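Because only heavy atoms are used, hydrogens play no part in the values below, and waters and symmetry mates are left out as well, while side chains stay in. Just so it is clear: chains get the letters A, B, ... in the order the sequence lines come, proteins before strands, and each one is counted from 1. The model shown is predicted, which means the values in this text are computed figures rather than measured ones.
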Protein chains: 2
Amino acid sequence: MGRPKKKRGGKPVLTLDHIVETALGMADEQGIEQLSMRKLATELGAGVMSLYHYVADKDTLVEALVDRVASEVELETTGDWTAAARQLAVATHEALLRHPWAIPEWSTVWPGPYRFALTEQLLEVLAGAQLPPDVADLGFHALTNHIQGFARQRVAYGDTRTDTEEMRNRVKGLLTQGDYPRVAEHVRYHVDGHSNHDEFGYVLDLILDGLARSKADCQQ
Amino acid sequence: MGRPKKKRGGKPVLTLDHIVETALGMADEQGIEQLSMRKLATELGAGVMSLYHYVADKDTLVEALVDRVASEVELETTGDWTAAARQLAVATHEALLRHPWAIPEWSTVWPGPYRFALTEQLLEVLAGAQLPPDVADLGFHALTNHIQGFARQRVAYGDTRTDTEEMRNRVKGLLTQGDYPRVAEHVRYHVDGHSNHDEFGYVLDLILDGLARSKADCQQ
DNA sequence: ACCTGAACACCGTTCAAGT
DNA sequence: ACCTGAACACCGTTCAAGT
């Protein structure tokens, strides 16, 4: 959190924290594809090799970056298990939308401590629901798949930051030309039909209702 | 499909088809991270720059590669809409497992014609089911998220080809050390408990049953 | 039309050296 | 302990040139 930029007399010109925070900013602004050790170093006003005193290699840095995103998710929840699961899902979804570059990394990179804590928490919440084990497992995967899948889709069509001229033209082409009418219809359904409709929450509730219902079914 | 390797007198030493097929083989064997234009060219016995007569740039090649994977999915289906959706889902899942490198690309890359045809087909099947529009939409996303999410997870823990020493140690550490007990429990549930249980199909049927039930609910 | 080598502007990382 | 430049082994791609 403290970020000593140059600090004449003191020793630590660089900090792991400062490195990660700067890298995060660069990834947020220009995408992770544009983030290189060299650019990061010059952004920090340091030599490239200085970074390697704080980070083993680039992959480890990216892992740290993704975990930094996971750290933004509030783990404290209120209410019963459906409310709690909902809060975790929404908070994760929002964190991913804040850092779109992290979406493809989310499921690719080995989890860091914050990510593990988040997963642990969601599993804990589901365990508290006393669902039959296979339903709990299904529920966990349905929720995480929904979170990731929906974030990916959000960014694919229509996220303002990721939008390139190229992509907008391709979408327009898809909607204009007659090939793939069902796909065009589906995209339109999302783009104009439901923009102020909270689709993420809507489907999320369907999943949670389904889980709650499974439990009721088993208990009678 | 024809692959002329050197063909002394004839002109086409290279073919788009031959390039894509060779690149696919390399990606399958060594992962897409290891696939470079230069290595691909030498594998083909050509100069790097020769490739650029068939392919605009590396990104386009990767798009073609992913579409090559999509092309493996059989679009012809039999039976009612649940059977048809099931067949498409299973075939897609299998194609992704055959080419694990394609899983993260699947939702990142702009779709090619085969991928579009596949999406169109699934939407068509769901349209044929006469579900209420929002249920059809939910169903489409539930299915695609399940396909992608499950494939990702399969590869994350336990896919033999992607398994590195590194990763096996990390998983072992997770299971051995006491941090994150719920996560460890969850991984164990998948690793030993259900190895011969067809989890993909099981959850897939739950989704399809849920959709069918929604329809029944609305019709009465 | 098809293929190419040289060159440019980048990468991540090793290594040996500086304070 | 902390920082570094030179060097190595790579990248994708432009350009001008060959057949």
Between [X] and [N], is there a contact of a side-chain N or O with OP1 or OP2 at under 4.0 Å?
X        : N       : result
Lys58(A) : dC11(C) : no
Tyr52(A) : dG12(C) : no
Lys39(B) : dC10(D) : no
Tyr54(B) : dC3(C)  : yes

Just how far, in rounded Å, is [atom2] of [N] from [atom1] of [X]?
X        : N       : atom1 : atom2 : answer
Leu40(A) : dT13(C) : CG    : P     : 12 Å
Asp57(A) : dG12(C) : CG    : P     : 11 Å
His18(A) : dC3(D)  : NE2   : P     : 12 Å
Met49(B) : dC11(D) : CE    : C1'   : 11 Å
Leu51(A) : dT4(D)  : CG    : P     : 9 Å
Leu16(A) : dA1(D)  : CG    : P     : 17 Å
Asp59(B) : dG12(D) : CG    : C1'   : 10 Å
His53(A) : dT4(D)  : NE2   : P     : 10 Å

By nearest nucleotide on DNA chain D, pick out whichever of Ser50(A) and Leu35(B) is the more 5' one.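 By nearest-heavy-atom nucleotide position, the 5'-most residue is Ser50(A).
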
With nearest nucleotides of DNA chain D determined for Arg38(A) and Ala46(A) from heavy-atom distances, which residue corresponds to the more 5′ nucleotide?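 That would be Ala46(A).
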
From the set dG12(C), dG12(D), dT4(C), return the single nucleotide nearest to any side-chain atom of Met37(A).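 Taking heavy atoms from C-beta onward, the closest nucleotide is dG12(C).
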
Cation-pi between Arg115(A) and Trp106(A): NZ/CZ under 6.0 Å from ring centre and within 45° of the ring axis?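 Yes - Arg115(A) lies over the ring of Trp106(A), closer than 6.0 Å to its centre and within 45° of its axis.
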
Would you check if Leu175(B) and Arg188(B) make a side-chain contact, meaning some heavy-atom pair closer than 4.5 Å?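 The answer is yes, as the side chains (C-beta and beyond) meet within the 4.5 Å cut-off.
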
Taking the side chain as everything from C-beta on, heavy atoms only, tell me whether Tyr54(B) gets closer than 4.5 Å to Leu61(B).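 Not in contact.
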
Do the rings of Phe200(B) and His146(B) sit parallel, tilted or perpendicular, given the 30° and 60° boundaries?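 Answer is parallel, since the angle falls under 30°.
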
Please determine, for dT13(D), whether a Watson-Crick or G-U wobble partner exists with both distances under 3.5 Å, and give it or none.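 Across all strands, the one nucleotide that pairs with dT13(D) is dA7(C).
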
Using a strict cut-off of less than 4.0 Å between a Lys/Arg side-chain nitrogen and an Asp/Glu carboxylate oxygen, indicate whether Glu124(B) and Arg182(A) qualify as a salt bridge.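 Result for this pair is yes, salt bridge flagged.
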
